[in-house]
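Ligands are counted one by one from 1 in listed order, and the atoms in each one are counted from 1 as well. The residues of the chain are indexed from 1 along the displayed sequence. It should be emphasised that the depicted structure is a prediction, and the values quoted were computed from it without experimental measurement.
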Amino acid sequence: MRSQPFTYELPLSGGLPSVWDSHTTRRLSSMKGQYLDQAAYETMLAREDTLLYEVYEIKRPEAAGELLQGISFIHPGKVGDEYFMTKGHFHQILDTGEVYYCLSGQGLMVTETPEGDTQVLEFRPGRVLYVLPRWAHRSVNTSPTEDLVFYFVYPANAGHDYGTIEQKGFRKLVVERDGQPTVIDNPRWKPG
Ligand code: S6P
Ligand code: ZN
């Protein structure tokens with residue numbers, strides 16, 4: 001791990017960063033129960049365990065004061081009418097925020113608090129999205145052809161709580177209606 005201040009390049013066009021330490025890939029099989037159209041999900045999975053998104057991260061000690069950073073690439077596609085998206089999470093230390101900077105593509109970020117406030121933010125190249133502490137976040141690629149690419153930075157000790165979203169889902173979903181990305185209430189959202 002680097003022990004001196006360092007620099008690296010982040011292509012504004014959305015290409016790979018010049019350095020990274022870990023490359024995480026998420027496939028369809030890791031999203032069981034998350035997509036609304038379960039039949040479309042099963043049919044698609046039976047055909048292929050499609051690669052949905054990839055995260056390149058620079059390792060730092062997971063200690064207060066350090067920052068974790070990297071780039072996510074959300075690939076284009078849909079399961080039924082619902083766009084490819086990240087699992088989404090609360091931070092384990094709930095009171096930690098995060099900064100996203102969109103490098104290329106288009107999409108929506110679905111956010112919500114444990115109390116049920118919801119907000120949907122739009123990704124655009126050159127736009128910063130600030131996720132307040134306490135807000136769960138999921139990134140959705142609404143382009144039919146292009147990757148959604150963004151840089152992110154968050155406190156290294158934040159940790160990830162995936163379980164809450166895996167059990168309850170998000171209150172809002174992003175689906176295609178009449179060819180347009182549309183935010184709908186999640187009919188399968190369950191409290192508690
Ligand atoms: C981490 C940050 C992003 C996501 C990444 C994948 O706090 O929000 O790096 O990890 O975009 O999303 P997820 O929900 O699978 O971690
Ligand atoms: Zn996060």
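Contacts between His137 and ligand 1 below 4.0 angstrom, taking non-hydrogen atoms only, involve the side chain exclusively.
Asp49 places a side-chain N or O within 3.5 Å of a backbone atom of Leu28 that can act as its donor or acceptor partner. In this structure, Gln34 contributes its side chain and Glu166 its backbone to a donor-acceptor pair below 3.5 Å.
What sits closest to atom 6 (C) of ligand 1 on the protein, heavy atoms only, is Tyr53 CE1, 3.6 Å. Looking only at heavy atoms of the protein, atom 8 (O) of ligand 1 is closest to Tyr100 OH, 2.6 Å. Given atom 12 (O) of ligand 1, the protein heavy atom at minimum distance is Thr86 CB, 3.5 Å. Of the protein's non-hydrogen atoms, the one nearest atom 4 (C) of ligand 1 is His89 CE1, 3.9 Å.
When the options Glu98, Arg138, His91 are ranked by their closest heavy atom to atom 2 (C) of ligand 1, first place goes to Glu98. Ranked by closest heavy atom to atom 11 (O) of ligand 1, the top entry among Ser72, Gly159, Ser30, Pro155 is Ser72.
Considering both main-chain and side-chain atoms, Phe152 never comes within under 3.5 Å of ligand 1 through any nitrogen or oxygen pair.
At a 4.0 Å cut-off, not a single heavy atom of Glu57 sits close enough to ligand 1 to count as contact. Using a 4.0 Å heavy-atom cutoff, Gly88 is listed among the residues neighbouring ligand 1.
Side-chain contact of His23 with Glu54: a donor-acceptor pair under 3.5 Å is present, judged by distance alone. A donor-acceptor pair shorter than 3.5 Å can be found between the side chains of His75 and Asp147.
Comment: Asp95 does not engage Arg134 in a salt bridge, judged by the lack of any side-chain N to carboxylate O separation of less than 4.0 angstrom. Under 4.0 Å is where a charged nitrogen must lie from a carboxylate oxygen, and between Lys78 and Glu176 at least one such pair does.
Proximity to Phe150 (heavy-atom distance under 4.0 Å) selects the following atoms of ligand 1: 11 (O). Ligand-side atoms of ligand 1 in range of Tyr162: 13 (P), 14 (O), 15 (O), 16 (O), range being under 4.0 angstrom from any heavy atom. Applying the 4.0 Å criterion to heavy atoms of His160 picks out, from ligand 1, the atoms 1 (C), 7 (O).
Note: Phe150 and Phe123 meet the aromatic proximity criterion, with ring centroids under 6.0 Å apart.
Hydrophobic clustering keeps Ile74 apart from Tyr162 (ILVMFWY residues linked when any side-chain heavy atoms are closer than 4.5 Å, directly or through intermediates).
For the atom pair CD of Glu112 and CZ of Arg171, the computed distance is 4.5 Å after rounding to the nearest 0.5 Å.
Using bins of under 30°, 30° to 60° and over 60° for the plane-to-plane angle, the ring pair Tyr100/His137 lands in the perpendicular bin. A tilted orientation is assigned to the rings of Tyr8 and Tyr151, their planes being inclined by 30° to 60°.
Exactly one residue among Val131, Thr86, Val120, Val140 makes a side chain to side chain contact (heavy atoms under 4.5 Å, CB included) with Met109. That residue is Val131.
Closer than 2.8 Å to the Zn ion (ligand 2) sit the protein N, O or S atoms His89 NE2, His91 NE2, Glu98 OE1, His137 NE2.
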